[in-house]
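Every chain is numbered from 1, with letters handed out A, B, ... down the list of sequences.
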Number of protein chains: 2
Amino acid sequence: MTEPTQTDDAGTTPATSARFSQARAAQSMAVLEDYAEMIDDLTAEMGEARITDIAARMGVTHPTATKAVARLKREGLANSRPYRGVFLTEAGAALAARVRARHRVVVDLLVAVGVPSETAELDAEGLEHHVSEVTLRAFEAFLDETRSGSAA
Amino acid sequence: MTEPTQTDDAGTTPATSARFSQARAAQSMAVLEDYAEMIDDLTAEMGEARITDIAARMGVTHPTATKAVARLKREGLANSRPYRGVFLTEAGAALAARVRARHRVVVDLLVAVGVPSETAELDAEGLEHHVSEVTLRAFEAFLDETRSGSAA
DNA sequence: CGGAATTTAAAGCCTCGGCTACACTTTTGT
DNA sequence: ACAAAAGTGTAGCCGAGGCTTTAAATTCCG
């Protein structure tokens, strides 16, 4: 946070920098969101989320996964005891659920406007973290309309 | 790059990690793209892009902008001489043009599916960097259809 | 011309997300 | 029961992108 002193004198657009700041902030949550969702998936599928599996699925090495989990713990999203699996806290599970729901909506929206499903899945992975609440609701509304409308 | 050794034994989904890797790769270009576009804007508006202005618009401090410009130069996207403005190379200008076009399409798409325009602008800043070529073309096609179709 | 203000640069530090290498548990299997 | 294998943890390194502080250069005026 702590916006740097912005004189804004070079600005035709007034709040340009705010946009970028926001995009950067969103980015910093992205990784946490992905890990949270992944841990949730693994817990559902295999009963527990082991560091090795998390790492394998995320496409990173074990230490990287460990660090990410440490950050999740620091943020109160997960907890774990040494050599035991990783578990999401209430907050973490809620986050995972929200992320998953959002992901689905984004993929559906992409498909609805004509993006091939594999591409939609691929792109959604990057896109989803930058979809605001407002946009998400707009997507949902659009999907509703489309589904009933094009049912004809 | 250099995908870590992935045994994939924890995988129900085969190529899950690839998705994340791709998303991460896209992210690494994002900042460069933003700076390139910004420099292009400033050059157009004010004749040249000065570090101070770039920094102000991006919402970062001058040293940060300097570093970013250094990276752009390293990547062959810009050049600059001390105490002189920053200028994009051919490649840089091409990138900026592509980024700008993509940004516009993304914003238009968002608006087309019902996102309020201010939100669209805001979200597009984060989203655009993760829109693949395929998706971009799908967006364009959708916009074409919509424009002619809903003209009724 | 010379000094003040502005702009740029340089150095040093932080966090984050990667990595490798190495040490230590825990599990597993004979 | 114990040794090998597998899984985890920890330390240390790197690059990227932030920041602040300090120093230098340039520009602008009086």
What residues, two or more places apart in sequence or in another chain, satisfy side chain to side chain contact (heavy atoms under 4.5 Å, CB included) together with Ala138(B)?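 Once residues adjacent in sequence are excluded, the partners of Ala138(B) under the side chain to side chain contact (heavy atoms under 4.5 Å, CB included) criterion are Val115(A).
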
Donor-acceptor pair, side chain of [X] and main chain of [Y], under 3.5 angstrom:
{"X": "Arg102(B)", "Y": "Leu136(B)", "result": "no"}
{"X": "Thr119(B)", "Y": "Thr135(A)", "result": "no"}
{"X": "Ser17(A)", "Y": "Arg57(B)", "result": "no"}
{"X": "Ser117(B)", "Y": "Ala120(B)", "result": "no"}

Could you state the [atom1]-[atom2] distance from [X] to [N], rounded to the nearest angstrom?
{"X": "Phe20(A)", "N": "dA16(D)", "atom1": "CZ", "atom2": "P", "value": "20 Å"}
{"X": "Met58(B)", "N": "dG18(D)", "atom1": "CE", "atom2": "P", "value": "7 Å"}
{"X": "Asp34(A)", "N": "dG18(C)", "atom1": "CG", "atom2": "P", "value": "9 Å"}
{"X": "Arg50(B)", "N": "dA5(C)", "atom1": "CZ", "atom2": "P", "value": "18 Å"}
{"X": "Met29(A)", "N": "dC16(C)", "atom1": "CE", "atom2": "P", "value": "12 Å"}
{"X": "Ile51(B)", "N": "dC19(D)", "atom1": "CD1", "atom2": "P", "value": "14 Å"}
{"X": "Met46(A)", "N": "dG7(D)", "atom1": "CE", "atom2": "P", "value": "11 Å"}
{"X": "Leu42(A)", "N": "dG7(D)", "atom1": "CG", "atom2": "P", "value": "14 Å"}

Among dA9(C), dG12(D), dG17(D), which nucleotide sits nearest the side chain of Lys67(A)?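 The answer is dG12(D), which lies nearest to the side chain.
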
Among dG17(C), dA11(C), dG18(D), which is the nearest nucleotide to the side chain of Pro63(B)?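 Looking only at side-chain atoms, Pro63(B) lies closest to dA11(C).
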
Have a look at Tyr35(A) and say if it touches a base, only the backbone sugar-phosphate, or nothing, with a 4.0 Å heavy-atom cut-off.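 The answer is sugar-phosphate, as Tyr35(A) gets under 4.0 Å only of primed atoms, P, OP1 or OP2.
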
Pick the nucleotide of DNA chain C nearest each of Ala49(B) and Val31(A); which residue has the one closer to the 5' end?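 By nearest-heavy-atom nucleotide position, the 5'-most residue is Ala49(B).
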
Salt bridge between Arg147(A) and Asp108(A), side-chain N to carboxylate O under 4.0 Å?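 Yes, charged N to carboxylate O under 4.0 Å.
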
Ignoring backbone atoms, test whether [X] places a side-chain nitrogen or oxygen under 4.0 Å from the OP1 or OP2 oxygen of [N].
{"X": "Thr64(B)", "N": "dC19(D)", "value": "yes"}
{"X": "Thr61(B)", "N": "dC19(D)", "value": "yes"}
{"X": "Ser28(A)", "N": "dT15(C)", "value": "no"}
{"X": "Arg24(A)", "N": "dG18(D)", "value": "yes"}
{"X": "Thr66(B)", "N": "dA10(C)", "value": "no"}

Test: ring pair (Phe, Tyr, Trp, His ring centres under 6.0 Å). Region: residues 73-119 of chain A. Which pairs qualify, not counting sequence neighbours?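 Every pair satisfying ring pair (Phe, Tyr, Trp, His ring centres under 6.0 Å) with a residue in residues 73-119 of chain A: there are none.
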
For residues Leu72(A) and Leu95(A): do they belong to one hydrophobic cluster (side chain heavy atoms under 4.5 Å, members Ile, Leu, Val, Met, Phe, Trp, Tyr)?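 Yes: a chain of side-chain contacts under 4.5 Å links Leu72(A) to Leu95(A).
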
Which pairs pass side chain to side chain donor-acceptor pair (under 3.5 Å) with one or both residues in residues 73-82 of chain A, sequence neighbours excluded?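 Listed by first then second residue: Lys73(A)-Ser80(A).
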
Strand-adjacent residues in residues 72-88 of chain B, judged by heavy atoms under 4.0 Å from DNA chain D: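 Those residues whose heavy atoms fall under 4.0 Å from DNA chain D, taken from residues 72-88 of chain B in numerical order, are Arg74(B), Tyr83(B), Arg84(B).
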
Could you run down the sub-3.5 Å N/O contacts of the protein with nucleotides 1-3 of chain D?
none

For His130(A), all residues meeting ring-ring contact (aromatic ring centres under 6.0 Å, His included), sequence neighbours excluded: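 His130(A) satisfies ring-ring contact (aromatic ring centres under 6.0 Å, His included) with His130(B) only.
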
